[in-house]
Amino acid sequence: MSTLVQDRLRAGAFGNAVALSCRECGATQELGPFYACTECFGPLEISYDYPSITREQIEAGPANIWRYQPLLPVPADIAESPNTEPGFTRLIRAANLGRELGIDRLWVKDDSGNPTHSFKDRVVAVALSAARELGSKVFACPSTGNLANAVAAAGARAGIPTVVFIPHDLEIPKVVASAIYTNRLVAVRGNYDDVNRLASEIAGEEDGWAFVNVNVRPYYGEGSKTLGYEVAEQLGWHIPDQTVIPVASGSQLTKVDKAYQELIRLGLVEEKPYRIFGAQATGCSPVAQAFRDGHDVVRPVRPDTIAKSLAIGNPADGPYVLDVVRRTGGVVADVDDEQVRQGIELLARTEGVFAETAGGVTIGVLKQLAESGALDTSAETVVFNTGDGLKTLDAVADRVGPAATIDASYEAFTAAGII
Ligand SMILES: *Cc1c(COP(=O)(O)O)cnc(C)c1O
Ligand SMILES: [Zn+2]
């Protein structure tokens with residue numbers, strides 16, 4: 001099997017990536033559609049023969065994640081293959097929100113600007129490249145929403161048969177925003193865990209299927225590094241003192257740390273201490289709980305929160321999140337659903353950014369950490385908004401609305417006392 005894969009691979013199919021290495025025991029194996037260590041079943045991670053690159057070379061690249069191609073497991077000609085071209089989303093100086101929270105230098109990295117309006121387009125674009133280079137026949141995922149949207153759209157752009165599995169009782173906006181791209185959306189009678197189990201079974205039975213978050217997960221994860229690269233580049237090539245990141249499986253947070261480490265190693269930024277903070281919703285906060293208890297293992301929970309895009313009760317990268325946060329001197333904290341709603345409203349009212357519930361979680365945790373003193377309010381701070389509020393309208397739909405409903409006359413308007 002593996003020699004067949006190697007024969008099929010064209011030279012440079014994975015750019016400067018050289019191997020898959022185990023995050024537990026360090027054993028390495030060849031690049032291919034593998035995700036578990038053959039020695040200990042630990043999760044695999046991409047390792048590189050790091051190139052020497054300059055800021056100028058990166059800055060001359062396209063205004064999307066492919067400007068970082070030398071640091072991703074994708075070929076040098078990646079920009080020529082149809083994909084969704086995500087990334088290089090705006091980093092906004094959040095002076096109003098900063099004033100409100102007493103944080104002097106605050107920025108919001110707004111990933112709602114991606115092609116399907118969440119950060120998932122980054123990971124899916126890299127997974128699509130891997131699927132293509134591995135000669136996969138089918139592109140697929142189990143999902144509850146944002147991932148389904150991103151996979152369906154990328155598969156359509158690439159012209160690869162794409163099958164997306166979702167629980168049968170998903171909210172209509174998420175179903176429509178996936179089904180619009182593919183006629184192979186499959187609703188499964190069961191919850192997300194059932195859908196996930198089915199995906200793993202299919203991946204085992206069928207040859208040539210690339211499930212983005214299952215058998216090509218090591219490649220998928222690398223896409224999250226681009227968030228870290230972009231933040232550093234957009235700040236004028238330096239790492240922020242503090243970064244606040246939402247945690248579902250924990251992949252994103254650990255890969256942003258990997259990105260910062262790589263930038264230091266490559267001499268693209270100056271080495272400096274930085275702190276990484278994790279944000280969860282109280283109704284699904286197994287990593288925050290483990291952090292508070294001082295545990296290394298993360299005890300699975302049954303999710304119950306409006307922040308559905310973060311509702312992973314058994315996070316694969318949970319222990320690695322604890323490692324990163326503890327090593328950098330950060331905190332993993334959580335806020336309840338009411339604070340999530342308030343976080344969405346606060347960001348919208350102060351900065352004109354409408355976040356999905358995951359963004360409400362992150363803003364809520366930022367506020368909590370600033371108030372408790374766990375976060376240094378005089379240090380440069382970046383907070384992530386990873387999705388678009390239009391996808392989770394229900395979270396705030398009954399809290400906001402017209403200030404008045406009036407007849408179409410000047411008198412009626414002035415009588416309403418709007419301004
Ligand atoms: C998936 C997702 C995340 C977190 O992803 P992990 O890498 O699994 O921790 C954050 N925000 C949004 C909007 C997501 O869809
Ligand atoms: Zn191993």
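We number each residue from 1, following the sequence as shown. Order of listing sets the numbers, starting from 1, for every ligand and every atom in it. In this text the structure is predicted, and so the values were computed from the model without any measurement.
The existence of a salt bridge linking Lys255 and Glu45 is confirmed by a sub-4.0 Å separation between a basic side-chain nitrogen and an acidic carboxylate oxygen. Ionic pairing of Asp398 and Arg341 is not present here: no N-O contact between side-chain nitrogen and carboxylate oxygen is shorter than 4.0 angstrom.
Using a 4.5 Å heavy-atom cutoff, the side chains of Leu346 and Leu101 are in contact. By the 4.5 Å heavy-atom criterion applied to side chains, Leu97 and Ile363 are counted as neighbours. Counting only heavy atoms from C-beta outward, the side chains of Thr243 and Tyr260 approach each other to under 4.5 Å. Residues Leu235 and Pro240 form a side-chain contact, since some pair of their non-hydrogen atoms from C-beta on lies under 4.5 Å apart.
Here is the list of ligand 1 atoms found below 4.0 Å of a heavy atom in Gly250: 6 (P), 8 (O), 9 (O). The distance from ligand 1 to the heavy atoms of Ala358 drops below 4.0 Å at these ligand atoms: 11 (N), 13 (C).
Every pair passing ring-ring contact (aromatic ring centres under 6.0 Å, His included) that includes a residue from residues 65-111 is listed here, sequence neighbours excluded: Tyr68-Tyr229.
Between Gly387 and ligand 1, no N or O atom pair is found at a separation short of 3.5 Å. An N or O contact shorter than 3.5 Å is missing between Ser224 and ligand 1 by distance. The distance criterion of under 3.5 Å between nitrogen or oxygen atoms is met by Gln252 with respect to ligand 1.
When non-hydrogen atoms are compared, ligand 1 lies under 4.0 Å from the side chain of Asn146 (C-beta onward) but not from its backbone. At a heavy-atom distance under 4.0 Å, no atom of Val123 approaches ligand 1. Proximity of Ser251 to ligand 1, defined as any heavy-atom pair under 4.0 Å, is shared by backbone and side chain alike.
Between Val18 and Leu31, the closest heavy-atom pair is C-CD1, 3.8 Å. Counting all heavy atoms, side chain and backbone alike, Ser251 lies closest to Arg217 at CB-NH2, 3.8 Å.
Taking distances strictly below 2.8 Å, the protein N/O/S atoms close to the Zn ion (ligand 2) are Cys22 SG, Cys25 SG, Cys37 SG, Cys40 SG.
At least one donor-acceptor pair closer than 3.5 Å links the side chain of Asp121 to the backbone N or O of Thr116. Proximity of a side-chain donor or acceptor of Thr226 to a complementary backbone N or O of Gly223 within less than 3.5 Å is detected.
Nearest non-hydrogen protein atom to atom 8 (O) of ligand 1 is Ser249 OG, 2.6 Å. Of the protein's non-hydrogen atoms, Ala248 CB, 3.6 Å is the one closest to atom 4 (C) of ligand 1. When hydrogens are left out, the protein atom nearest atom 1 (C) of ligand 1 is Lys120 NZ, 1.3 Å; that is the closest non-hydrogen contact. In terms of protein heavy-atom proximity, atom 11 (N) of ligand 1 is nearest to Thr386 OG1, 2.6 Å. At the shortest separation from atom 5 (O) of ligand 1 among protein heavy atoms lies Phe119 CE2, 3.7 Å.
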| Under the side chain to side chain donor-acceptor pair (under 3.5 Å) criterion, do Thr89 and Asp110 qualify, and how do the steps go? | CA-CA 6 Å; Thr89 55; Asp110 182 18; over 6 Å; no
